[in-house]
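In what follows, a structure is listed as C-alpha cells, so that the remarks can point back to it.
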2 protein chains.
Amino acid sequence: MNKKKKTTIKDIANVLNISAAAVSKALHDDSRISDKTKKAVKQVAENLNYQPNHLASALRSGKSKLVGVIVPRTNSSFFSSVIQNIEHVLNEKGYSIIITQSNESYQKECNSIDTLLFTQVDGIIASMANETVDLQYYEKIKSKGIPLILFDRGENNLNVDYIGIDDYNSSHIIVEHLVAQGCKRIAHIGGYKRTRIYNNRIRGYIDALKKYHLPLDDELLIETNLSTENGRAKMQQLLNLKNRPDAVYVAGDYAALGALQVLNENNIKIPEEIALVGFGNEPFTDMVTPSITSVNQHSAEIGRLAAETFLKHIKEKTVTQKLNKQILDAELIVRDSSKKKTL
Amino acid sequence: MNKKKKTTIKDIANVLNISAAAVSKALHDDSRISDKTKKAVKQVAENLNYQPNHLASALRSGKSKLVGVIVPRTNSSFFSSVIQNIEHVLNEKGYSIIITQSNESYQKECNSIDTLLFTQVDGIIASMANETVDLQYYEKIKSKGIPLILFDRGENNLNVDYIGIDDYNSSHIIVEHLVAQGCKRIAHIGGYKRTRIYNNRIRGYIDALKKYHLPLDDELLIETNLSTENGRAKMQQLLNLKNRPDAVYVAGDYAALGALQVLNENNIKIPEEIALVGFGNEPFTDMVTPSITSVNQHSAEIGRLAAETFLKHIKEKTVTQKLNKQILDAELIVRDSSKKKTL
DNA sequence: TATATTTGCTTAATCGTTTAAGCAAAGGTA
DNA sequence: TACCTTTGCTTAAACGATTAAGCAAATATA
C-alpha cells in the first residue's frame, strides 16, 4: 500500500535550500559545515525519516560494509558461536555479515565465494570445508585484494591470517589425561590428514604416545570424516580387534557420539573398560550418558579475533596479506566418559 | 599485491569499440543485439575476467537481490535447516541471503531489521524472538513496501504471509499418543501464551484433554521460556506435587532435555512412571537416554515454502500483503521416552 | 522506386551518494 | 588599505550499471 518514495539527501537539500553535497557533508559531520546547518539537516532528516541508501554510498565509496562468512555449517555450537561473535564485533563498526554454509561441499563453497564476491563484500572470513583441497577459489579472493581471514580449518599455503586453537598441544593434553587415568592402549579416530587441524591432532597424538612410551599401533590410528555414522563404524572396527584399546580419542564430538552409542550398545563400561574423549565441546557431550570428555575450542574468542583481524586490515589498508597465525590454548573439559579416578 | 582495477563494461566496450550500453545489453541477451556482438562481448568478458558490479546494477534497478533472514538462533537444527533450504531455493534465482540472529532479544531483532533495511534487502523472511510483542519494527518493513514472510513464530495481526506447522493439532496428536500409552494425568510445560505457536499448543493440549475426558488440572499447565534450565525447574516443580503427573508434554526439546535430566537424577522410570514428549525433533532427542519422543516440524519444507512465497511476491509485484497462512502437518516421532507398549 | 519496418547500435540520463575543486564572504594580519 | 586564511557553502564529476530515446543502415513492403 505505502508505495512511498524514499527520502534522499536531495529531498533534504530542497527543504533547506542548500545543495545535496552540503547535506551529505552535514550528515557526516564534515568540519566545513556550520553547526547550525548540521543541526538543521539532521532535524529535517529525522522528520522525513531519511534512511541513507547503502547501495549508492557503497558504489561511490567502493566499500559495501558487508563481510562474508563461510562456515561448513551453522548448526554446530562452535560455528554458531563464532558467527555470533564476529557479528557482534563487526556490527559495532557498521559492518553487516553475510553467512553462507558450505555443507562440507567444495562445490558449494566455490558458489559461496562467487556469491560473496558478486555481492562486493569488503572481506571474507572463512572456515574451509572438509573436502576442500584445491585452493584456487581462495586465491581468487586474495587476487581481488580483499582481506581473507581463515579460522579453525585453515591452510598455511594461502599465506593469510589464521585463527585457531593449538590442535597439536590439545592432543598432548588429552593423551596426558588418559595416561593419568591409567590408560595404556589409546586409539585415535581422527579426521583426514590432508586437513591441517586434523593432521596436527594426529601428530600431537603420535608424539604424545612417544612421550609416554606408549606403543604406536597402526590398528589404533584411523582416519575418517568424523560423522556420527563413521564414528559408529570405526568404533565397531576397534571393538573387533583382538587387542582392544582401553581408551579412544575421537577428533570430533559427532563421531565421538557414534562411538559412544556403539560402546553402550555393546554394554562396554565407559570409562572402566574403554575411556572416551571427544573434541569440540558440543552441548550434547554434556547431555548423553555418560557425558563425554571434550575440548573447548574458545569459539567466542576465535570469532572476536577474526572480526578484529579483519578490521585491522581495513584500517591499515594493508593489501599484502601474509601468514599470521593466532593460536589459542584449548581447554579439556573432563566428564564421565574418561573420569576413572576421582581426582 | 594484485591491486588490479576491476574490469567494467566500459573496458569490454573499449576493446570492441562499441558502447557500454551495447555491452550491457549483450550480456543480458537483449534481442536488439546481434549474435555476433553477443558472442564477442561474452568472449572478451571472459578473457578480462569480468564480474558485474552488483552494487551498480542494484542501485540502478532498485533491486539488491539480497534477502534478509532473521532467526532467534542458528544453532538449532530446525532453524539451520530452514535457512539452508531458503538459501538453496533463492540462490537458484540469483538471490543471496543475509542471516541475522536475534538471540531471542527484541532489541537485537530491531537492530537486525534496521541493518537489513539499510542494506536494501529485497525482502525479509523472519521468525520472531520470544520476547517480541511490539510489532512496530515489523510494520516498518511493511511500510517500506518490501515483502515480509514469517515462519514458525509469527503474528496474525501483521497480516503477512506465514508458514508453520499445525501446532494446535500437534498437541492433539501428542495427547492422543500418550492416552494410547495409558497415561491419565498429562502435564504440559509450555511456552508463553503470548507467542502464537505456544498459545496454539496450549489450546490444543486443553482441548485434547477435554476430548479424552481427562481432568484439566491447573497445577499441570505451566508457562515458561523453554530453556533447559527452566525445563529442569518446572519438572522439579511437577515432581514436588502431591499428585504427580504420569506424562509430561514439553513444548520445546531443550526444556524437555532439562526435564529428562531431573527425571533421571530422581531415578524415575521413563516412561513407566512418567512418560515424556518434547517438541522440535532436535538431533539430541535421539542421542540421550532414554531417547525423547518429539515432533518433527518439517524444517526443509518450511524453508522452501518461505523462499518460494518471497519469489512469488517479487514476480507478481504484489505490494499489498495479506494474512496468508500455509500450515503443514507435523509428525510425531515416537521414541523410548513415551513408548510404554510395544505397538 | 518510395515508404515502412526491423536491426543494431549510440547517446545521454539516471539510480543516490561522495568528494575534489572552486568560490564568495567573513575574519585576521601586516 | 591590501593581502592572506578560514569558513561555509556550491558545482560538477564520479561510482558502474541500466534503459529510454534516437538514429542510421539494412531489409521488407507496397
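Every chain is numbered from 1 and lettered A, B, ... according to where its sequence line falls, protein lines coming before strand lines.
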Out of D:dT10, C:dT17, D:dT18, whichever nucleotide has its closest atom nearest the side chain of B:Ser24: D:dT18

No-H, no-angle donor-acceptor pair, A:Lys25 side chain to C:dT17 base, under 3.5 Å: no

Sugar-phosphate, base or nothing in reach of B:His54, heavy atoms under 4.0 Å: nothing

Between P of C:dT10 and CG of B:Asp30, the distance in whole Å: 13 Å

Which nucleotide in C:dT7, C:dT11, C:dT17 has an atom nearest any side-chain atom of A:Ser57: C:dT17

Atom-to-atom span, CZ of A:Arg60 to C1' of D:dA17 - whole angstrom: 15 Å

Whether A:Phe310 and A:Tyr95 hold their rings parallel, tilted or perpendicular, with breakpoints at 30° and 60°: perpendicular

Contact nearer the 5' end of DNA chain C, comparing B:Leu59 with B:Asp35: B:Asp35

A:Ser34 side chain near D:dC9 phosphate (N/O to OP1/OP2, under 4.0 Å): yes

Nearest non-hydrogen partners of A:Asp152 and A:Ser127, listed with the distance: CB-OG, 3.6 Å

Which nucleotide in D:dT7, D:dC9, C:dC9 has an atom nearest any side-chain atom of A:Arg32: D:dT7

Separation of D:dA17 P from B:Asn14 CG (nearest whole Å): 12 Å

Pair of N/O donor and acceptor under 3.5 Å linking D:dT18 base with B:Lys63 side chain: no

Residue that, paired with A:Ile18, satisfies side-chain contact (heavy atoms from CB on, under 4.5 Å) out of A:Val41, A:Ile12, A:Ile33: A:Val41

Sugar-phosphate only, base, or nothing, as touched by A:Leu55 at under 4.0 Å among non-hydrogen atoms: nothing

A:Ile9 CD1 - D:dT11 C1' separation (whole Å): 14 Å

A:Ile18 CD1 - D:dT7 C1' separation (whole Å): 15 Å

Parallel, tilted or perpendicular, as decided by the 30° and 60° cut-offs, for the rings of A:Tyr137 and A:Tyr106: perpendicular

Residue pair A:Ala306 / A:Ile163: nearest heavy atoms and the distance that separates them: CA-CD1, 3.4 Å

Among C:dT17, D:dA17, D:dT10, the nucleotide that comes nearest once only the side chain of A:Ala21 is considered: D:dT10

Between P of D:dC15 and CD of B:Gln51, the distance in whole Å: 19 Å

Phosphate OP1/OP2 of C:dC9: any B:Thr37 side-chain N/O under 4.0 Å: yes

Spacing of B:Lys36 atom NZ relative to C:dT7 atom P, expressed in whole Å: 17 Å

Sugar-phosphate, base or nothing in reach of B:Ser19, heavy atoms under 4.0 Å: base

Sidechain-backbone polar pair: A:Thr309 side chain, A:Leu305 backbone, donor-acceptor under 3.5 Å: yes

Integer-rounded Å distance: D:dG16 P and B:Leu48 CG: 15 Å

Nucleotide nearest B:Asn53 (side chain, heavy atoms from C-beta), chosen from C:dG16, C:dT10, D:dG16: D:dG16

